[in-house]
Structure formats: C-alpha cells, structure tokens
Amino acid sequence: MPYLGTEDTVRELRRALSNPNVQSDHLRYRNTVLKVIRTMSQGVDVSGLFSEMVKACATVDIVQKKLVYVFLCSYAALNPELSLLVINTLRKDCQDPNPMVRSLALRNMTNLRLPSLVEYVEQPLTAGLRDRAACVRRVAVLGWAKLHSLQPSSEIDAAVVNELYSLLRDPDPVVMVNCLRALEEILKEEGGVAINKPITHHLLNRLKECDIWGQCEVLRILQRYQPQSEDELFDILSLLDASLVSPHPPVMAATLSLFPTLCAVSLAAVERFRAPLLAACGSASREMRFTALCHIQLLLRSLPGLMCAHYKRFFCGYAEPAYIKQRKMQVLVELVNDETVAMLLDELKGYCTDVNADTAQAAISAIGRIGRSYSDRCLEILTGLLGLKQEHITSAVVRTMRDLVWVCPQCSDTVCLGLEGCEETLQDSQGRQALLWLLGMYGERVSSAPYTLEVFIDGVRSEASLGVKMELLTATMRLFLCRPAETQDMLGRLLHYCIEEETDMCVHDQALLYYRLLHCGIEETRKVLQGRRSDPSLGVLIGRPAEPISHWAHSFNTLEPLRQSAVETESASRGSPEHVTFDPKPSTDLSDTLNCSHAEKVQTGSDSTCSADDLASSIMVPLSLSLSPALSPEEFEHLWLWRHAEQGVEKTKEEEDYVCMEEHVHCPAIPLCSPQSIQAAMQLVNIQTLAFTPPYTLPWRVYLYTHTQHTRSADTPHSTLILGELLYTGEANQKAIGDREVMVEGEQENEGEEATADGLSGREMARKDREKEGVKVTLKQQPRDDEALKGFLTILTTVLHTLSSERA
Amino acid sequence: MCSVLQAHKDLHFVHVRQGGLYWVATTTADTSPFTIIEFLNRLTALVKDYCGSLSEKSVQMNFALIYELLDEVVDYGYIQTTSSDVLKNFIQTEAVSSRPFNLFDLSNVSLFGAETQQSKVAPSSAATRPIQSSREQGGKNEIFVNVIERMSVVIGSNGILMKADVEGEIRVKCYMPSCSEMRIGLNEEFSIGKSQLRGYGATVRVDECSFHQAVRLDEFDSHQILRLCPSQGEQTVMQYHLSDDLPSAPPFRLFPAIERDSGGRLLMYMKLRCDLSPKSAAINVSATIPVPKGSVSLSQELSSPDQSAELKLQSRAIVWQIPRFPGGTQLSALFKLEVPGLSSASMLEVGPVGLNFELPKFTATGLQIRFLRLSPVQPGPLQRWVRYVTHSDSYTIRV
C-alpha cells in the first residue's frame, strides 16, 4: 500500500530516535519506539531505522526491549551486518539476573534467523538448557529446533540431543512438551523422537500436568506407539479416560484419533466418539461447530445410524452462516429413517426458501437425496416448490429431479407432470440443461415437449451457453425418435443452423454427427441415442454401504474433513447424469446380476451402444411399480388363498387373466436379514411387504405385493396386481453355485413364447437339482401380463441379490 | 462468508470470526483443526481480557500489547501457554482503553444485574475493562460470575414444541491479581442425566455437564459445590447441555394469520406472546419474518410506539424490533405488504419466523447460584457479581 509521506515519517522518526533529549527520558523514548512499530504495522518500510533501533535496544525498560525486538526480528534478514551489533546486547542480556530478560534475549536471538549468527547463539543456548528458570529452558529447547531449521544440513551435536531427551523429565511440563517438539524436528530424518515404552508411560503419567495444548501434542506423538501387550493397552486406555471426556474439543479429538492406532477400532468404540463430538457441535464458536460437523460426517460413513436419535441437533439455526447450514443438511440426509423422515422433510422444506440462494439449493438437493428412498413425499415438496416460480429454486428443483429420475426411474411420471411450464422461469444454463435432458428422455410423456423445444430452437441464435446448445441437439434428436411428426421440422432447422452458422466446433461437429447418423437410418440412430434412462449401478441399494473405519481413520483430526465440501458441490453441478463416471465396483457387481436374470440374451460388452437394443427390451418398455391402491393384510390373505384354492381345483384350466409362477433365487443370506432392511429395500422399488417370520426361523416366509404399471408403446396403461411369497425351507445343502441363476418354471404357459423359453427349459432341467437351495419365490399375478411379471421378477431378484451380498 | 478453511498452494488458512475481525492462522502441516480453532478462540479471549473489548479499534490502539501477547503465547509456531495466570508475569505493556471508565456511565447504561448479597447492580460496562487496570487503579477487587444460556428452539406451525436445546455455561471473570479458593454453590436440586427422576418440584436437570480442568468436584455430588481458584481473566468453569425437556414453557409464542386481500396485498397479522413470569422481561427482541420475493413496500400497525418494523429488501424479511417485552403480555402487529404478482404459491415463502432476544435474570434450565464464597476472606473490599442471561441461539417459529 503506498503510504503518503513515507519518507517524511521515517525521517521524523529517525530524528526523534537520535535526539539525546528523547533518549534520556525513558517514557518519551519508549513512545517513539512505539511509534516506529505502529508505522511498521501499518505497512510502511521502516527498515532504514535499523541502526537507531539497535541502539534503542540497550535499555533497562523491558517494554521498550520487547518492542525493539519485534522490529529487529522483522528486519534482521535485510541487514545481516548490522544485526551483528545486536548480538552483543543480546548475549549480555542472557546473563541478566532477571529470568524474563534472559528468556526474552534467548528467544529473540534465535528468532533473528540469520545463519551467520549461529556460532554466537550456540553457547547461550547450551547454557539456557541448564538455566534455573523454567521459562528460559522452554525457550532454549525450542531454540535448538530453530537452529536446526536454519542449517538443516549440519548435524546437531549428539550431546545436545541426549540433553534434550533427558529434559523430557524436566519438572516443567512446557519444557517437556517443547522437548518433544524440538526432538521431533531435529530428528525428522530418523522418523522423529523415539517413542518407547518408558517414554510413553512417562508422558502419559504427566499428561494431567500439561495444559490442553501440551496434552494435544503428547497425544499426537503417542500415535506412533504400539502397546506390546493387552494389559498395557488397557492401562493406556484407562489413563486416557479423563482426556476423552475433556470439555476441550482439541484434547477430545486428539484422544479419539489415538484410538484407531492403539487398538483395531470396533464399531462399538466409535460409539464413544458420539457424545464428545455432539458436545462440540453445540459449541458457542461457529467455527468449532463446523469442524465437529465435518468430523461427524466422517463417522457417518462407517456408522450411518450413529446419530439418528440426535437428528434434532442438526437442525439449522436461522442465523447460522451458510457453510454450517450446508454441512448440517448433508448430515441430516444421512439420518433419515422411517421415523424421522416426516420431521426432517418438514425442516428441510423450510430451508428451501432461504434468502441465501446456495442454502436454498443445498436444501433442495438434500430433499432430492432423501427422495431416493422416500420418493413420493419428496416429489410432492419439489413439485410444490416449482409453484414459487423463482429462478434459482426452479433451477435447483429441475436439476434435482433430473438426478432423482436417473437413479429412481419410477419417479418419472410425477416429474413429467411437474415439468410443464417451468421453462419460463429457468434462466441459468445448468437448470435449462437439466430440463432439456428430461425433455429428451421423457419427451413422449410431456405433452408440451415439442413446443418447449421449439422455443429453445427459435432462440438458439442468441444462446450463449455451449452446454445448453449441445443438450438441445441431443434432446431434439431423442424427441424426434419418439414423436417424429411434431419434431421433424424443428430438428431440421436446428441442424441447419448448427451446421451452417454455428461457430463453435463442438456444437457444429455434434450436429454434423447427428445429421450423418440420421442418414444411416432410424434404427441406427435409435441404437446410439436411446441409451439407458437410469443409472445401472444404483436403483436398489439402500443408501451407501458402510465404509470400514480404516478408510477415514487417518484423516480424523486433520484438515482433510474440512476440505471435502468443495468436491461435493462440484459433483452436484455436473452436466447430464449419464456422462458421470461411476464408482466401478458396485456398477460391475450389479450389472452382472441384472444381466443374469435374462441370461439368454446377454451380449458381450457393457458399452452402452452395443447393448442398447438389449436394454431397450428390458428397460425401455417402461415398467413402473406402485404401492397404491394399498392392500390390507385381510384382502391379501383372501386373494392369496382364493387363488390358491382355485388353482388347486382347476389346475388344467389356465385363465387368461391370471398367472402363477414359482422359481428359486439363490441368495442364502436373505433369511438372515432383518425384516426392517428387507422392508426398506423393497419399499425403495415400491414393493410392499406385508408379513414376516422373524429372522433365523425355519421355514422362513415373507409375503409381499405390488402393482405394475406397464405401458406398451402406444397402448393404454395396463396395470396388474402381483402377490408374492418368499419361502426358505432350510433343507438346502450349501453346494457352491458359481453363477447366480434364476430358474423359471411352473405354470408359465409358453403361448408362442419363442425359442428362448424352450432353450431355457432345457437348461432348467439340467439344473433342477440345485433349485432347493434358494429362496422359493411364488408369484401370482392378475390380470396376466408376462412381460410385466418378468420385469417384476428381475427387480425382485436384483433386490434379493443385493441384500444377500450386503449381508455376506 | 467464506469457508473456515482455505488453501493456497501448500499453505492452509484457518480463520475464526470474532468481534467483527478475522483471526487467521496459517499452517503448512496437516494439523488438528480443533486445536487451531480453539487456539484462535482462546487468543481472542485473551485479547479481550487484556484490551477490555474486542473490536478493530481496540486492536489498533493496543497493537504493542498484542504483539507482546503473541510473542509470549506462541514461539516458533508452537503454543506455549494461554493461561492468564502465567501470562500476567510476562505481559508488561498496559492496555489503552478505548473508552475510559467513568462514573457517568453508571447512570445511563441499560442495567441488568442480580441480587447477590449486596443486592446492587453492576453496570454492564464494568466487565469490559482490561484485567490489568486493577493493578494500577488501587485494586478494585471484583469477581463476576455469569450464567449464560443459549436456547435453540423450533416451534411447529401447530404450536407444538418440536425441538428445544439449551447450551449453558458458567463463566467466571476475575479482576483480582491473586485469588484464593472460591466456592460456587449451585441449586441444591441439581441433577445430571436423564435417569435421575426425582419427584416434581424445583428440580434443575441437565443432560450433560463438563467442568474446567481446575474445578475440584469433591463437594459436588453431596452439596453441588464447585471449588476452584480462578485465575485472572475470564474462564468457563462449567458447561452443560439440556435437550428437549425444558422445565418451563418456551418464552415466546406466535399466533400468525396470513391472508391476501382483494388488492393483491399480503396481510400478516402477528400476535406475539411472552410467557415469562410477569416479574421479568425480554429485551432487544427482534423478530425476522421472511416475506415473498418481490415485496416492494410495507405499511404496519404496531401496538405501541416504542416498537418498530422495517422491510429489509436485502435479506427479504420484515424485522420487527421490540426493545422491551415484559413477561405475561402480548403484542400484536399488522403488516401490509405490497407484492406485485402475488400468487398463492408465494405464501410458501412466508416464514419460518426467527426471534432474537435476551432474557436478563433468567435461565432456561432454572440453574441458579446459591452462594459465592471466597475462603479465606479477602482483605480489602471485594465485590462479587452474579448475573444470569439467556440468549436466543436460534428461536424459530414456523408459520
């Protein structure tokens, strides 16, 4: 910062400093020095006064001395020669009877950071280690660390290192802690201070004497120690008990981070983390709250249920800063379960209209996340928000809906209804891209889709966003495939514009690609463009699988957890969902099981274009399940038994409107799952479970039902009711089966059911002996719809396999 | 408002915001964020103790003192000590008070004090002087014990209490250069944890409780007495937490009625009731009512002239200020909002209402200090002050 009158000020100060009258009056002298420091801290370069300040150093006034030292330490590096002059005064001060003066001199001698002065400093430092006063020893110990950092290449005398080790037994706790710090730096190349059993126990026993900073330091260094026996471990743990309940978050956190290294942390041990972290979450300091929240997020990665009972502690205060609110919402999303969902959604709804746009968007996407398990309630809120017709809210809602539909295709009907009319409110490119993606994917169900796209196409000339233009091209192409009559003309105009006039290469080339693709014929185009509508890797997973503690244990109590927010917001503001790369592990895992269910047609390669028609047969024929109208247990029983009896009597006569089917799914771990997790998983895909036997009992049964809604391209919606029973008799011998196979047999009369079914029955005979090992699934459907039943079976099998593999 | 942690290349910046100032620490190591933040908070507390108050001005005026403080507190990036007992031997510079303490202040400050044995009232500015001045000003020996509680409450639109949390602490601020043992007696019926259910009556209960390292608790279980030797300056001797189970009704209730009138205006009729006992009163109450986007102007009818209301376009809310709100009374206000293009969906944007307030002489948990004794009795005059105050951390009423 340029400072007016800099030169004058410096000149004035110099005159005052060298004025003998000022020098003789120590109050005036001190005030002049004070003025120099004030000028310095305002950013003025006062290095020119160095020699005057060196003179001012020789004084009995301690306040003045301290001020001069502040000055000297800032400017010594610029004046190495003149700094030599100070050394004499400093060395003299090191002999002063007043320990405060000694420590001050010693500290500032080492703070000058001049390698040329090292030879003068070593002697007073050595003497300082044996000083009577603790405050001098504290400074001397750290002084050696500073010396080492000035000359990292030169070896520190082994005698000094030994002396430092012996000072670990110094009566003053700060000297002890400083020794640890100094040794840690000096011996960095050897891996820091040696921590053996005697030192560990010495440090632990003196932990109580240290203040909180010392305790943190000691605990941090003890992370390197491995107890040698079980008994020793318990001794250590009992010594740590007091620090665990410390009201000071730093001590608490340092103790917690010791646990993973001391003993292999069980989940039960992590339970102990809860209370202290919750307490830190209620701290008066906002920054402390934030830090605690970030660490709670870490814990939740391994123990999703840890904080469920305390969800109210994570409600946002209305005056809290946005960064805390956003973290709290991220935590709240993790705490959703059947009991809390109503309260949580109510609370989150309130944040959606927050005056801070970022907070509002975070709340909306949090609702979207919850929508993956509780889609109906969340969609109701989201569509309600569209009514506000506010730019940033609509944009966030549309983006959230896109992400939701990608993982929960069963929501698409509601989403399509909500989309009407929101293009008027959308302004930002992110939101419009999301809208275009949805219109392209579900254009056949949004009646106004062509008109909306037409508005976009008419305005394409003035469109600034590259992303929007590219999304528009793809959306128009997709819409053309399902509604050619309405779209053909505008597609032509769009392609013409993009190829002839567009200057951006990406858009131009993409348009050209589509143009040439259309030349290859409509079927080819369909193969390329109509990929999957939903995320193949997700769908039935209940939340994320819990991570092992070792994944995050090393980053506990570091800056790492505070940093993660940036990453998460990035992934939220991405483009179309299918462009996102997925975590490879679950996706391969699950697509295997998906493919197995219609193994007869599996082609090689998971490339989306290759398997496009394959997918088209299974997913593109939209099958959605729904729970309404609900079925009471009595009605269920009635229907089930009625069908049962009827089937027994008229086995030969197959009704057109009714089918019963039995099969075996190999998933041995299923009967061990808790009813809650089965119910949650089933509800995720809109299957209602009605009755259970408790886990581990034999025979084990579950009854369930759902309604299918099945639209055959142009037909009217066709809905069926499916009742199901899962039965595990337990007579299975655990013979290993390499692949998970779904066996289909029973009443499924193949009325012209192509060769595939015949081929299947051949294989089915060969493996008949294995069928007893699995869970027997009996399904009854009314009215009959083979495709829907098959689709349902696929979904059910996937759910069971997922549950089973999670359990295993 | 930027995030607590920022990074530039290898350097991390961690900051804390207090007194309108950013207190920033930098580190290249991946060190404990809890330690850094606690240290910065402690540093601000020390600066406040030594300079009297925490503001840009006091920092500017006391830069020499702060340099000195930093020099003693941190050496080579390692925290040496933050104990005011240790520091008082080293700190030599005197604080420059931004506003010298004078008797005139006594007459016109907003008073809230407590009936201790002296039954006198301490001015609120008395605790904002530097701790060191006592040494020179002939030693005005004073001890302040503050019981401070922060409430965070959510009341549903149906009037049901959905969440109530109280975070409380007992802070001792000591102006005596050296102090002998102090005994603080809490309510006799004080219990910790959920299990201990005693009969009805004036039981004071908290869920969790933690104490300062220096507090000795040998008489706590039998007589609810905390023993400690307070060091100079301010320290928190006890922290406690209570959730969901308040001994008394929440202090405020709101009865809103919101409708659209024929002229397209939004009419909000708000009745706010204060459920404190008639003896006490809330001060500096301010209610923030979010309004639909696009609100242009506001006209209001308030029940008394000392209240005020204002439409803040920046934060899209009406701020309704009530300087003093006695217990057992009810205030009402009618707000007429001009919102062009008001739709029925816009009603969603109204609420939840946030309340900010201060309740002097009131603790939400009912915690009281029975007595405050120093033993052996100090020579010379000693003044002991006990003050209670409850602040709103976040008091939200859904409409």
Side-chain angles (χ1 to χ4, degrees), chain A residues 34 37-38 41 62-63 66-67 70 100 107 138-139 142 145-146 174 178 181 211-213 216 220 245 247-250 253-254 275 279-280 282 284-288 290-291 312-313 315 317-323 343 347 350 353 355 384-385 387-390 557-560 562-563 565, chain B residues 1 3-5 7 12 15-17 30-35 37-39 41 63-64 67-68 71 75-76 78-83 89-90 92-93 150 152 154 162-163 165 167 208 210-212 239 241 243-244 288 290 293 315-317 343 345-346 348-349 351-352 354 356 393-394 396 398:
Chain A
L34 196 63
I37 306 294
R38 185 194 299 275
S41 52
I62 293 191
V63 177
K66 286 190 173 179
L67 289 172
V70 169
M100 205 203 304
R107 181 163 65 220
R138 292 175 187 174
V139 171
L142 275 189
K146 296 182 204 169
V174 181
N178 276 357
R181 291 160 167 165
D211 63 356
I212 59 168
W213 318 114
C216 294
R220 190 178 62 81
V245 294
H248 301 287
S285 153
R286 293 185 301 199
E287 291 80 9
M288 188 58 84
F290 174 74
T291 313
K312 284 182 186 171
R313 301 282 284 269
F315 283 6
Y318 72 95
E320 276 177 327
Y323 62 83
M343 279 284 270
E347 183 71 19
T353 49
V355 67
L385 286 170
L388 286 175
K389 301 223 171 293
Q390 282 193 23
N557 201 18
T558 66
L559 297 174
E560 191 60 37
L562 278 73
R563 207 177 289 139
S565 65
Chain B
M1 184 69 69
S3 172
V4 173
L5 172 76
H12 305 293
H15 81 260
V16 156
R17 219 185 123 118
D30 202 1
T31 180
S32 161
F34 289 100
T35 310
I37 288 169
E38 179 85 352
F39 169 69
N41 283 330
F63 66 93
Y67 271 131
E68 191 181 359
D71 201 31
D75 188 11
Y76 193 46
Y78 292 116
I79 306 166
Q80 297 296 300
T81 180
T82 53
S83 142
N89 303 317
F90 293 94
Q92 305 279 324
T93 315
R150 292 179 289 122
S152 95
V154 178
M162 311 192 63
K163 167 198 164 172
D165 262 346
E167 306 274 349
E208 284 150 40
S210 62
F211 302 92
H212 190 271
Q239 283 173 298
H241 174 259
S243 42
D244 280 341
T288 310
K293 195 176 181 179
S315 53
R316 228 183 59 214
S343 70
S346 309
L348 262 179
E349 287 185 84
N356 250 321
D393 194 21
S394 165
T396 315
R398 297 201 191 129

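Below, all heavy atoms of this structure are taken into account, side chains as well, without hydrogens, waters or symmetry copies. Naming convention: chains lettered A, B, ... in sequence-line order (proteins, then strands); numbering from 1 in each chain.
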**Prompt:** Which is it for A:Glu347 and B:Lys163 under the side-chain contact (heavy atoms from CB on, under 4.5 Å) test, yes or no, and what are the steps along the way?
**Reply:** CA-CA 11 Å; A:Glu347 183 71 19; B:Lys163 167 198 164 172; over 6 Å; no
So do [Y] and [X] actually touch side chain to side chain, heavy atoms under 4.5 Å?
X: B:Ile37; Y: A:Ser285; answer: yes
X: B:Ser3; Y: A:Phe290; answer: yes
X: A:Arg107; Y: B:Asp71; answer: yes

**Item:** Residues B:Asp75 and A:Arg138 bridged, charged N to O under 4.0 Å
**Value:** no
So which heavy atom on [X] is nearest to which on [Y], and how close?
X: A:Asp211; Y: B:Thr82; answer: OD2-N, 4.5 Å
X: A:Val355; Y: B:Ser315; answer: CG2-O, 3.4 Å
X: B:Ser210; Y: A:Pro247; answer: OG-CB, 3.3 Å
X: B:Phe63; Y: A:Leu34; answer: CZ-O, 3.6 Å

When you check the side-chain N and O atoms of [X] and [Y], is any donor under 3.5 Å from an acceptor?
X: B:Thr35; Y: A:Trp213; result: no
X: B:Asn356; Y: A:Tyr318; result: yes
X: B:Gln80; Y: A:Asn178; result: yes

Which portion of [X] sits near chain B, non-hydrogen atoms under 4.5 angstrom:
X: A:Ala145; answer: both
X: A:Arg181; answer: both
X: A:Arg220; answer: neither

**Item:** Worked verdict on A:Ser41 versus B:Tyr67 for side-chain contact (heavy atoms from CB on, under 4.5 Å)
**Value:** CA-CA 10 Å; A:Ser41 52; B:Tyr67 271 131; 3.4 Å; yes
Measure distances from [X] to the heavy atoms of chain A and classify the residue's part below 4.5 Å as side chain, backbone, both or neither.
X: B:Pro290; result: neither
X: B:Asn41; result: side chain
X: B:Phe211; result: backbone
X: B:Arg316; result: both
X: B:Ser32; result: both

Based on non-hydrogen pairs under 4.5 Å, which of [options] is most in contact with chain A?
options: B:Ala64, B:Gly354, B:Ser83, B:Ala317; answer: B:Gly354
options: B:Thr396, B:Thr81, B:Asp165; answer: B:Asp165
options: B:Glu167, B:Gln239, B:His212; answer: B:Glu167

**Asked** Taking atom CD1 of A:Ile212 and atom CZ of B:Phe34, what is their separation to the nearest 0.5 Å?
**Response** 13.0 Å
**Message:** To the nearest 0.5 Å, what is the distance between CD on A:Glu320 and OG on B:Ser152?
**Reply:** 8.0 Å
**Asked** Which residue out of A:Val70, A:Ile62, A:Leu67 racks up the most heavy-atom pairs below 4.5 Å with chain B?
**Response** A:Val70
**Asked** Who wins among A:Lys389, A:Met288, A:His248, A:Arg313 for the most heavy-atom pairs under 4.5 Å with chain B?
**Response** A:Arg313
Return yes if some donor-acceptor pair links the side-chain N/O of [X] with the main-chain N/O of [Y] below 3.5 Å, else return no.
X: A:Glu287; Y: B:Arg17; answer: yes
X: A:Arg563; Y: B:Ala7; answer: no
X: A:Lys66; Y: B:Glu68; answer: no

